[in-house]
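In what follows, a structure is listed as structure tokens, so that the remarks can point back to it.
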There are 2 protein chains.
Amino acid sequence: MLISMTSTPPAPTNDTRDRILDAAERLFVENGFDGTSMRMITGAANANLAAINYHFGGKDALVQEVFRRRLAALNARRLDELDRLEAEAAGAPLKPSRIVEAFFGTALELAADTEHGGRTFMRLLARTYNEPNAFVRQFLAEEYAEVMDRFLGALFRALPEVPRAEILWRFHFMIGAMAFAIAGLGGLSELMEVGPQDEDPARLLPRLMSFLLGGLRAPLPDGGLQG
Amino acid sequence: MLISMTSTPPAPTNDTRDRILDAAERLFVENGFDGTSMRMITGAANANLAAINYHFGGKDALVQEVFRRRLAALNARRLDELDRLEAEAAGAPLKPSRIVEAFFGTALELAADTEHGGRTFMRLLARTYNEPNAFVRQFLAEEYAEVMDRFLGALFRALPEVPRAEILWRFHFMIGAMAFAIAGLGGLSELMEVGPQDEDPARLLPRLMSFLLGGLRAPLPDGGLQG
DNA sequence: GTCTATAGACGGATAGAC
DNA sequence: GTCTATCCGTCTATAGAC
């Protein structure tokens, strides 16, 4: 029989903690936070009920960790893209289309990943923009603070002739359009029963981008165009 | 002392049933469906816990009635507007902007009514587009079926040179933009802490309309313009 | 780290008096 | 129609054995 040597442990990347996070992510999308119990999560993750409290400290802390582990990476990529654009421009104002692409392109890229749960997470995130739960919204706002600040600033500089309130609203509209599109990727956009069955996010990105840029460049409400 | 005569009762328009519906509407926005208990609702409505089951049959039936009583009127107005446009056009194709205005203008008009709970309801509705709860989504889809059918058909006829899949997606994007804008009207759009403090929906309508029409008229992803 | 067992609060629903 | 009292299930969290 084999005797356990002092060899290094086999580095179980798929340990209980990760299985819980993956199961929670999936179940939160399907049932919402309040509609998903710790029993459902640990059941799906083949873990013990007490494991959530042992590993995370409670259900709320688990919810935060589900977001944190992926959102940190997504927003870091967004900031990298923006850094790169600004370095290339060397002081010149950026093209609005490049800014928009840096923000929404990264999101849709993650939503295209069905292998490692990227799509599942993005559907959860999209849904959570409208989450009633106060502490979840508060947590999201904090995670987004820097990204919002940087991207809005870049848009302000890129469109100096457009009133800032207008840019603010239009960025708001753009996020809403993206969120609704991504949230419906699971195939449950019953709202239009004819619904976009074409679920390929590779085709969604150009569709969304041209819509968003069309909206961003639209004539201002009072009249007057801006390129 | 006064003796109760056989006079007609004072027609209590604000009876228990309505108070429950109003309280439920408000609490659902603040806490979500699962986060709102029957005890919370009846407490806020100064009604007895058993009243929900007596008047509606259960919590799920109450949720449906909260939507039904207002959504039926909203969608009827939308269909009326579309009927009127089509009657005026007398067979000619409609202007896309008029179709969009008939759909989204009515919604924003209701969202502007803070006196009779219209805003509260529209915030609830906007949130519910992304609701995980299966039976709520199913119910919404049924309530919207005719309106979607009519408006998508009108857009298809108004833009015969645009692929229908494209129109479908863009209508999808437009609904998402509107929903996110309305859901944030309560002042809790923490996402951008700079957030549009300007909450006047009278100014929101022109802003949103020009954004939506810009997106609808944007060049198609593969290239090629369409007015 | 994992498990069982259980505490303690709260959920929706209902029976039956008034 | 309204109310009290209660049933019964599920929830999160924790104590303590292994």
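Throughout, protein chains are lettered first and strands after them, A, B, ... in sequence-line order, and every chain is numbered starting at 1. Because only heavy atoms are used, hydrogens play no part in the values below, and waters and symmetry mates are left out as well, while side chains stay in.
- With rounding to whole Å, Asn48(A) atom CG is found 5 Å from dC3(C) atom P.
- When the C1' atom of dT4(D) is taken as reference, atom OH of Tyr54(B) falls 17 Å away, rounded to whole Å.
- Atom CZ of Arg70(B) sits in a crowded spot, with more than 12 heavy atoms from other residues, nucleotides or ligands closer than 6.0 Å.
- In this structure, CG in Asn75(B) is found 8.0 Å from OG1 in Thr106(B), a value given to the nearest 0.5 Å.
- Between Glu146(B) and Arg150(B) there is no salt bridge, since no side-chain nitrogen of the basic residue lies less than 4.0 Å from a carboxylate oxygen of the acidic one.
- The interatomic distance linking Ile20(B) (CD1) with dG1(D) (P) rounds to 12 Å, in whole Å.
- The distance from atom CG of Asn46(A) to atom P of dG1(C) is 18 Å, rounded to the nearest whole Å.
- A salt bridge between Arg137(B) and Glu142(B) is absent, with no side-chain N of the basic residue lying under 4.0 Å from a carboxylate O of the acidic one.
- By the 4.0 Å N-to-carboxylate-O rule, Glu30(A) lies too far from Arg123(A) to be salt-bridged with it.
- Between the P atom of dA13(D) and the NE2 atom of His55(A) lies a distance of 15 Å, rounded to the nearest Å.
- Side-chain atoms of Arg78(A) and Tyr144(A) include a donor-acceptor pair closer than 3.5 Å.
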Table of protein N/O atoms under 3.5 Å from nucleotides 13-18 of chain C N/O atoms:
residue: dA13(C); atom: OP2; partner: Lys59(B); partner atom: N; Å: 3.1

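- You'll find the ring centres of Phe151(A) and Phe171(A) outside the 6.0 Å limit.
- As rounded to whole Å, 8 Å separates atom P of dG11(C) from atom CE of Met40(B).
- With sequence neighbours excluded, the residues that form a side-chain contact (heavy atoms from CB on, under 4.5 Å) with Ser210(B) are Arg170(A), Pro221(A).
- In this structure, CZ of Arg17(A) is placed 10 Å from P of dG1(C), rounded to the nearest angstrom.
- Contacts of residues 21-30 of chain B with DNA chain D (heavy atom under 4.0 Å): none.
- The shortest distance between side-chain heavy atoms of Arg17(B) and Glu65(B) falls below 4.5 Å.
- For dG1(C), neither phosphate oxygen OP1 nor OP2 lies less than 4.0 angstrom from any side-chain nitrogen or oxygen of Thr16(A).
- Summarising the geometry, the separation between CG on Asp34(A) and P on dC10(C) is reported as 15 Å, rounded to the nearest angstrom.
- The side chain of Ser37(B) contributes an N or O atom lying less than 4.0 Å from OP1 or OP2 of dG11(C).
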